[in-house]
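Notes to accompany the following structure.
For the numbers below, each heavy atom of this structure counts, side chains included, while hydrogens, waters and symmetry mates do not.
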Amino acid sequence: MPKTTTPPISSMQVELLETHKLYHGFFQLFRYRLRYQRFDGHMSQEVTLEALERGDAVAVLAYDPHTDLVGLIQQFRIGPHLRENQGWCWEIVAGSCRSEEAYSKVAEREVAEEAGWSIQTLRHILTYYLSPSGSTERIHLFLALFDSQIPPQGGGGLLCEAEDIHPQILPFPDAWTMVENGSIHSGTAILALQWLAMHRAKLQHGDY
């Protein structure tokens, strides 16, 4: 059987044939007609795909390495409410990016608005797509080292955006137990806490 040579991913082609906007509201929904290069080098048949345009967002894992405490928030979310009547979700601080705004500045702003914690150090951890099969949303995950002994200044979200956010500071073992027993079912929060489980010892020793 003859061998085929897989083309480099970076050089594989996409032919965008048509773009049609289906909906424009807080989100935008588009339908695309296209062909893409297959791994055997040939172009695919014409396919129609839909994508939710969400843009960029930040998420912030707040952690105090001196006390081993994690900052989480709770707020109402329509998706889990409609799916299983569990609308009040455990999450980490997060928010959408405005055009031309640095991701680190968005992270600082969201921590102030949603939780009011005192950030000492802010570092980018990673960037990922939340649901690449149907959304353009890209998440920039940050680590915020904070002093859990300083009382929050503000927080709770913005009334003009109908936010009602309840920040809470928990021991990491308690937060990890909530991941294991399914109490935390936000994918971003789970990913962030798994990252923290891997790097927690280094953070506590100031090595990260």
Side-chain angles (χ1 to χ4, degrees), residues 14 16-34 36 47-62 70-117 119 122 124-144 152-168 178-179 182-193 195:
V14 176
L16 185 57
L17 305 174
E18 183 183 38
T19 301
H20 180 62
K21 183 183 289 186
L22 301 175
Y23 173 78
H24 185 103
F26 184 75
F27 306 130
Q28 297 181 68
L29 181 64
F30 290 86
R31 176 181 293 141
Y32 299 95
R33 192 164 55 85
L34 56 84
Y36 61 89
V47 297
T48 299
L49 300 173
E50 294 177 0
L52 189 67
E53 174 58 53
R54 289 288 309 264
D56 286 272
V58 301
V60 187
L61 169 63
V70 179
L72 301 176
I73 62 172
Q74 284 182 290
Q75 62 181 316
F76 177 78
R77 295 300 196 188
I78 186 63
H81 169 71
L82 295 175
R83 178 65 69 178
E84 50 187 327
N85 197 28
Q86 294 187 26
W88 280 268
C89 293
W90 286 96
E91 301 179 339
I92 61 174
V93 168
S96 299
C97 298
R98 301 164 185 165
S99 60
E100 307 302 323
E101 190 174 17
Y103 302 134
S104 59
K105 295 300 181 184
V106 180
E108 292 172 355
R109 185 188 74 233
E110 292 297 332
V111 171
E113 290 179 359
E114 296 190 358
W117 295 319
I119 296 178
L122 186 69
H124 178 257
I125 296 175
L126 54 86
T127 296
Y128 63 97
Y129 287 90
L130 192 62
S131 183
S133 64
S135 173
T136 64
E137 184 174 22
R138 187 171 59 170
I139 307 294
H140 305 274
L141 179 61
F142 284 83
L143 167 69
Q153 300 296 316
L158 300 178
L159 288 177
C160 63
E161 296 182 3
E163 291 181 328
D164 180 35
I165 297 172
H166 182 43
Q168 298 195 56
M178 293 166 65
V179 171
S183 298
I184 297 177
H185 44 70
S186 160
T188 292
I190 292 171
L191 185 153
L193 290 168
W195 182 93

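- Inter-residue side-chain proximity for Val58 and Val93 is flagged as unmet; no heavy-atom pair is nearer than 4.5 Å.
- Annotation for Ile184 and Ala189: closest pair CG2-CB, 3.8 Å, computed over non-hydrogen atoms.
- Taking CD from Glu108 and CD from Glu113, the interatomic distance works out to 12.0 Å, rounded to the nearest 0.5 Å.
- Side chains of Asp56 and Val106 form no contact here, defined as non-hydrogen atoms less than 4.5 Å apart.
- Atoms NE2 and CZ, on His20 and Phe30 in that order, are 10.0 Å from each other to the nearest 0.5 Å.
- One finds the CZ atom of Arg33 at 9.0 Å from the CG atom of Leu16 (value rounded to the nearest 0.5 Å).
- In Phe76, the CZ atom is crowded: over 12 heavy atoms of neighbouring residues, nucleotides or ligands sit closer than 6.0 Å.
- Side chain of Glu163 to main chain of Leu158: a donor-acceptor pair is present (N/O by atom type, distance under 3.5 Å, no hydrogens or angles).
- Counting heavy atoms from C-beta outward, Leu130 and Tyr128 have side chains that approach closer than 4.5 Å.
- Put simply, the side chain of His124 gets close to the backbone of Leu126: a donor and an acceptor are under 3.5 Å apart.
- Atom CG of Leu143 sits about 4.5 Å away from atom CH2 of Trp195, to the nearest 0.5 Å.
- Cys89 and His185 get closest at one heavy-atom pair: SG-CE1, 3.7 Å.
- Atom CZ of Arg83 has 12 or fewer heavy atoms from other residues, nucleotides or ligands within 6.0 Å.
- Counting only distance, with no hydrogens or angles, the side chain of Glu50 and the backbone of Leu52 share no donor-acceptor pair below 3.5 Å.
- Between the CD atom in Glu18 and the CG atom in Leu34 there is a gap of 11.0 Å [rounded to 0.5 Å].
- In terms of heavy-atom proximity, Glu137 sits nearest to Tyr129 at O-CD2, 3.4 Å.
- Of all heavy-atom pairs between Pro167 and Ile73, the closest is CA-CG2, 4.0 Å.
- Within the model, atoms CD1 of Ile125 and CD1 of Ile139 stand 13.0 Å from one another, a figure rounded to the nearest 0.5 Å.
- Heavy atoms only, all atoms of each residue included: Ile92 and Ala192 are closest at CD1-CB, 3.8 Å.
- Counting all heavy atoms, side chain and backbone alike, Thr188 lies closest to Ala59 at CG2-CB, 3.6 Å.
- The side-chain heavy atoms of Tyr103 and Cys97, taken from C-beta on, include a pair separated by under 4.5 Å.
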(message) Evaluate Thr48 against Arg31 for side-chain contact (heavy atoms from CB on, under 4.5 Å), listing each step before the verdict.
(response) CA-CA 7 Å; Thr48 299; Arg31 176 181 293 141; 3.5 Å; yes

